[in-house]
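Here is how names work: the chains are called A, B, and so on, in the same order as the sequence lines, proteins then strands, and each is numbered from 1.
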Protein chains: 2
Amino acid sequence: MIYTVGEVAKQLDVAASTLRYYDKEGLLPFLERSGGGMRVFKDEDLSWLKIIECLKKTGMPIKEIKHFMDCCTEGDSTIDERLSIMELQRDAVIKQMTEMQEMLDMLNYKSWYYETAKKAGTCAIHDKIPIENVPEKYHKYLQNK
Amino acid sequence: MIYTVGEVAKQLDVAASTLRYYDKEGLLPFLERSGGGMRVFKDEDLSWLKIIECLKKTGMPIKEIKHFMDCCTEGDSTIDERLSIMELQRDAVIKQMTEMQEMLDMLNYKSWYYETAKKAGTCAIHDKIPIENVPEKYHKYLQNK
DNA sequence: GTACAACTTAAAGTTAACTTTAAGTCAATG
DNA sequence: CATTGACTTAAAGTTAACTTTAAGTTGTAC
């Protein structure tokens, strides 16, 4: 199967203009054109778009993704570098997830805080709750004035 | 203890200009000033900065953070809304973490892919590896041409 | 073969979140 | 009380990642 830019955009839920922009920035070296100059996407190109999406979603800037794609085009001499790029990105994601978990913990505390305030009808309740009534996991968020 | 903008910037590892920008955008309604017009941060203000940081790191735009801070200033009549903001943000973070895990899985596959290519000296090895030698968890990334 | 929707390009515009600049003021030190 | 580093403001500048525009071309459906 082959697809136009609009069809691929719909499949991946991105704007067609975004795919054209990626092409202009050199992210899609695999892309071929029809006789009339239209972009022609093949099924295997969707795999490329998925790895690009993966790098983008994990925070890699367009220029670095281009560098990775340049390595892919260059061939086997860049295997080491590509492995290194993937490992570094994996480590970055693990770091991001660790931070996300910390943020989630804080949001859980804040949800508990406002649930408690809601039941009491006022945030002032939090000046009166004895520490032993605050779940242990939230102790680190309590202010030590 | 009280702190200047520069001291707080150093403590939280952000630029002082960023804190001034947040102030200008209305994110720091708790901030007081010295007689001479200098920003004065108190210890309890750091807790505010931490929740702002949490919302920011989980992708909330400045304008929405301002809205949350406006609610905080308004008082107990906004408890429901603040609870709702926290719960929605928590759900958003859970979604982000799920996606992150998928991205991590793909990066792990790609790392394996390039490790294998590195050992063989060529990416072409991947056309020759029988599917039973590909770890099960990576099967979903294999192209079905 | 003629509509017409979807494609093409280059160039300009948009948005968010800062960052920098310039000109001036504050506050701690010797 | 002068120096000096850190602060103040408003306004302009920066950057990334698109998005829109305008003018024109392609390809499919009737």
Nearest-angstrom distance from the residue atom NZ of Lys10(A) to C1' of dA6(C):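 It is 11 Å, rounded to the nearest whole Å.
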Integer-rounded Å distance: dC26(C) C1' and Met38(B) CE: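 In whole Å, dC26(C) C1' lies 4 Å from Met38(B) CE.
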Span of DNA chain D, from the first to the last nucleotide whose atoms fall under 4.0 Å of chain B heavy atoms: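 That gives a stretch of dC7(D) to dT9(D).
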Distance in Å, Gln89(A) CD paired with Leu104(B) CG, rounded so as to fall on 0.5 Å steps: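 The distance works out to 10.5 Å.
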Side chains of Thr78(B) and Asp70(B) in contact at under 4.5 Å (non-hydrogen atoms):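 Contact flag for Thr78(B)/Asp70(B) side chains = no.
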For a quick test of your reading: what N or O donor-acceptor pairs under 3.5 Å do the side chains of residues 109-117 of chain B make, sequence neighbours left out?
residue   : atom : partner   : partner atom : Å
Ser111(B) : OG   : Leu107(B) : O            : 3.0
Tyr114(B) : OH   : Arg82(A)  : NH1          : 3.4
Thr116(B) : OG1  : Trp112(B) : O            : 2.7

Residue list, salt bridge (Lys or Arg N to Asp or Glu O under 4.0 Å) with Lys57(B), at least two apart or on another chain: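 Lys57(B) satisfies salt bridge (Lys or Arg N to Asp or Glu O under 4.0 Å) with Glu99(A), Glu53(B) only.
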Test log, rule side-chain contact (heavy atoms from CB on, under 4.5 Å), inputs Met69(A) and Trp48(A): CA-CA 9 Å; Met69(A) 294 306 294; Trp48(A) 282 115; 3.4 Å; yes
Strand contacts (DNA chain C) in residues 12-37 of chain A, 4.0 angstrom heavy-atom criterion: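 Going residue by residue through residues 12-37 of chain A, the ones with a heavy atom under 4.0 Å of DNA chain C turn out to be Arg20(A), Arg33(A), Gly37(A).
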Met38(B): hydrophobic cluster co-members (side-chain, 4.5 Å):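 Met38(B) shares its hydrophobic cluster with no other residue.
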Short N-O contact, Arg39(B) and Asp45(B), less than 4.0 angstrom: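 Salt bridge between Arg39(B) and Asp45(B), a charged N being under 4.0 Å from a carboxylate O: no.
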Would you be so kind as to tabulate the donor-acceptor pairs closer than 3.5 Å made by side chains of residues 128-141 of chain A, with sequence neighbours excluded?
residue   : atom : partner   : partner atom : Å
His139(A) : NE2  : Ile131(A) : O            : 3.3
His139(A) : NE2  : Val134(A) : O            : 2.8
Tyr141(A) : OH   : Met106(A) : N            : 3.3

